[in-house]
2 protein chains.
Amino acid sequence: MISRPPRPRERGIPEATVARLPVYLRALQALQERGTATVSSEALAGAAGVNSAKLRKDLSHLGSYGTRGVGYEVEYLVYQISRELGLTQDWSVAIVGIGNLGRALANYGGFGTRGFRIAALLDADPDVVGRTVASLSVRHIDNLEEVVRDKGVSIGVIATPAGSAQGVASRFVEAGVTSVLNFAPVVLNVPDGVDVRKVDLSIELQILAFHAQRRADGDGRDAERAGLEVT
Amino acid sequence: MISRPPRPRERGIPEATVARLPVYLRALQALQERGTATVSSEALAGAAGVNSAKLRKDLSHLGSYGTRGVGYEVEYLVYQISRELGLTQDWSVAIVGIGNLGRALANYGGFGTRGFRIAALLDADPDVVGRTVASLSVRHIDNLEEVVRDKGVSIGVIATPAGSAQGVASRFVEAGVTSVLNFAPVVLNVPDGVDVRKVDLSIELQILAFHAQRRADGDGRDAERAGLEVT
DNA sequence: ACGTGCTTGTGAAAGCACGCACAAAGTGGG
DNA sequence: CCCACTTTGTGCGTGCTTTCACAAGCACGT
Ligand SMILES: NC(=O)c1ccc[n+]([C@@H]2O[C@H](COP(=O)([O-])OP(=O)(O)OC[C@H]3O[C@@H](n4cnc5c(N)ncnc54)[C@H](O)[C@@H]3O)[C@@H](O)[C@H]2O)c1
Ligand SMILES: NC(=O)c1ccc[n+]([C@@H]2O[C@H](COP(=O)([O-])OP(=O)(O)OC[C@H]3O[C@@H](n4cnc5c(N)ncnc54)[C@H](O)[C@@H]3O)[C@@H](O)[C@H]2O)c1
């Protein structure tokens, strides 16, 4: 009865699950490179640093891709997760702010391997504009709209100082970019329908400091509320 | 195996709150620089990009530091949050892996202003060891234990390639470092009591891609399921 | 054909997190 | 001194997340 009409249209994957899928994907790709054909939820959960029940529930949101008594076929699962995450298509990325961080990002080779193509680098500094970074010539920020259009940029990365970030974000939005990754330590204001994620190293350090202090405080006695763990 | 019957349910600020305190702190410091003396939960919440009820509840975990009818005294609140986060003391940070990213981190000035002092840079590459980066001479990774001891390092930052990250993490732990910030795209295995946080740019991009794809899929018709927001 | 053993997929329970809405508490004017 | 107004602190309902625990499903050997 249950024919095999693949049900890829499961709307509504929990946000928490979405955030873990990339982790599973990476673990699966590592297994794949090692030639592993199938993997159990227990083993994959171990590699991803999560509880196995959570892993199974997460995967169940994509469909029933496992085989009871056996586990999951690695290659098939890699494909399914990639498809769900939208990695079967290419995404064009523009980085604005080619300073310390922007250069590091541009030179990082780990993006291209996962469907993300760095299409353009932009900066406001005349000394930086025109220089070649990671085989790309840095364009002036004034060309943002043109670059977005011509290169089909769909993801904008902001690596400018905090003071310039909101302006850059607004221009991205104006140009039609609806996905933004922000490294500047400011809260960006964007209209509905635009997805902004931030990476803030200072905040990470402060969270670590909080836990470290707590550990030091309640020392000796009940220091067990200590570590979160793993990643 | 590790069952923990006794629930350590004592003094506890929710994890979600801890993650937002640094955001409030930054907003408060911006107000402080502008000379603002007091601020309402509504105004501060706006600056931090959160709901005002959430802000008030978060702050209530630290104590009753507001005045009804008036708001919060900026300076006092800055102090209280700083103290809670452990920023009234200095934290010594060591960065391992002085490549693209490690150099950007070392050159970033935004840490020192918040109680974090970059105390040492370490690398394994003979070409990198001995060079001066951000006024620090890069030490060889073999000196990790010595450096941790002599500089009182309490936070370790890992910016090495993925393959080296676990080894570096283990050495950090062995040397007594219980807080680790990991940029390498691997799940680190550490003993209980060690706090690891990860920053993974690829994951952020993949989450953006997921939402972007969803937006593109259900276009035109019900595109309202669209953007989150965050910052 | 059928039992054995292993692993998935998922109800159900428990725990968190969020945000509304409002009483309590403080300010300032009259 | 009292009243009108403002803003905090929080009780409570709602929905999301995590985890447990186990029936159902599949492979394989007999
Ligand atoms: N470097 C790090 O490790 C690090 C760590 C945490 C956060 N950050 C944040 O990342 C951002 C960048 O850091 P950085 O160290 O690379 O800074 P940086 O000063 O080295 O580089 C900033 C670059 O942005 C360019 N720029 C400034 N205004 C611009 C505009 N309006 N349009 C286009 N380009 C503009 C500048 O010309 C410069 O090249 C900052 O917001 C910083 O707070 C950096
Ligand atoms: N550059 C980026 O923007 C970026 C973005 C996302 C993730 N990452 C991750 O950050 C890490 C570093 O990236 P990168 O671009 O700086 O790489 P990189 O190759 O430029 O630098 C890595 C450095 O680590 C050193 N190293 C290697 N093994 C070591 C060891 N065992 N002990 C000490 N040092 C060692 C190398 O000598 C090198 O200097 C990688 O894991 C990468 O995946 C980087």
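A note on names: the letters A, B, ... follow the listed sequences, proteins ahead of strands, and every chain is numbered from 1.
Put simply, A:Arg20 has a side-chain N or O that comes within less than 4.0 Å of OP1 or OP2 on D:dT18. Remark: A:Asn51 is in phosphate contact with D:dC20, judged by side-chain N or O atoms under 4.0 Å from OP1 or OP2. Contact between the side-chain N/O atoms of A:Ser41 and the OP1/OP2 oxygens of C:dT8 is found at a separation under 4.0 Å.
Comparing C:dA17, D:dT18, D:dT8 by their nearest atom to the side chain of B:Glu15 picks out C:dA17. Residue A:Lys54 has its side chain nearest to D:dT19 when only D:dT10, D:dT19, C:dT8 are considered.
Across all strands shown, B:Ala16 has heavy atoms under 4.0 Å from sugar-phosphate atoms exclusively, and none from any base. Using a 4.0 Å heavy-atom criterion, one finds that B:Ser64 contacts the sugar-phosphate atoms exclusively.
Listed in residue order, the members of residues 65-77 of chain B having a heavy atom less than 4.0 Å from DNA chain C are B:Thr67, B:Arg68, B:Val70.
Partner of B:Tyr24 under the side chain to side chain contact (heavy atoms under 4.5 Å, CB included) criterion, chosen from B:Leu77, B:Asp58, B:Thr17: B:Asp58.
A:Lys57 has its NZ atom 8 Å from the P atom of C:dG11, to the nearest Å. Per the geometry, CG belonging to A:Asp58 stands 14 Å off C1' belonging to C:dT8, to the nearest Å. Atom-to-atom, CG of A:Leu59 to P of C:dT10 comes out at 11 Å; the value is rounded to the nearest Å. One atom, CG of A:Leu55, and another, P of C:dG9, lie 10 Å apart when rounded to the nearest Å. Separating the CD atom of B:Glu42 from the P atom of D:dT6 is a distance of 13 Å, rounded to the nearest angstrom. Remark: C1' of D:dT17 and CD1 of A:Ile13 are 15 Å apart, rounded to the nearest angstrom. With rounding to whole Å, A:Arg56 atom CZ is found 15 Å from C:dC6 atom P.
Residues B:Leu87 and B:Leu25 form a side-chain contact, since some pair of their non-hydrogen atoms from C-beta on lies under 4.5 Å apart. Between A:Val96 and A:Arg171 the shortest side-chain heavy-atom distance does not fall below 4.5 Å.
A donor and an acceptor atom, one from each side chain of A:Gln166 and A:Ser170, are located under 3.5 Å apart.
The line from CD of A:Gln206 to CD of B:Glu84 is 13.0 Å long, rounded to the nearest 0.5 Å. Atom CD in B:Glu204 sits 8.0 Å away from atom CZ in A:Phe183 (nearest 0.5 Å). Taking CZ of B:Arg117 as the reference point, atom OG of B:Ser154 lies at 9.0 Å (rounded to 0.5 Å).
By the 6.0 Å contact criterion, CD on A:Gln89 is enclosed, its count of non-hydrogen atoms from other residues, nucleotides or ligands being greater than 12.
Between B:Phe172 and B:Gly156 the shortest heavy-atom distance is CZ-CA, 3.5 Å.
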Please write out each protein N/O paired with an N/O of nucleotides 28-30 of chain D under 3.5 Å, distance rounded to 0.1 Å.
none

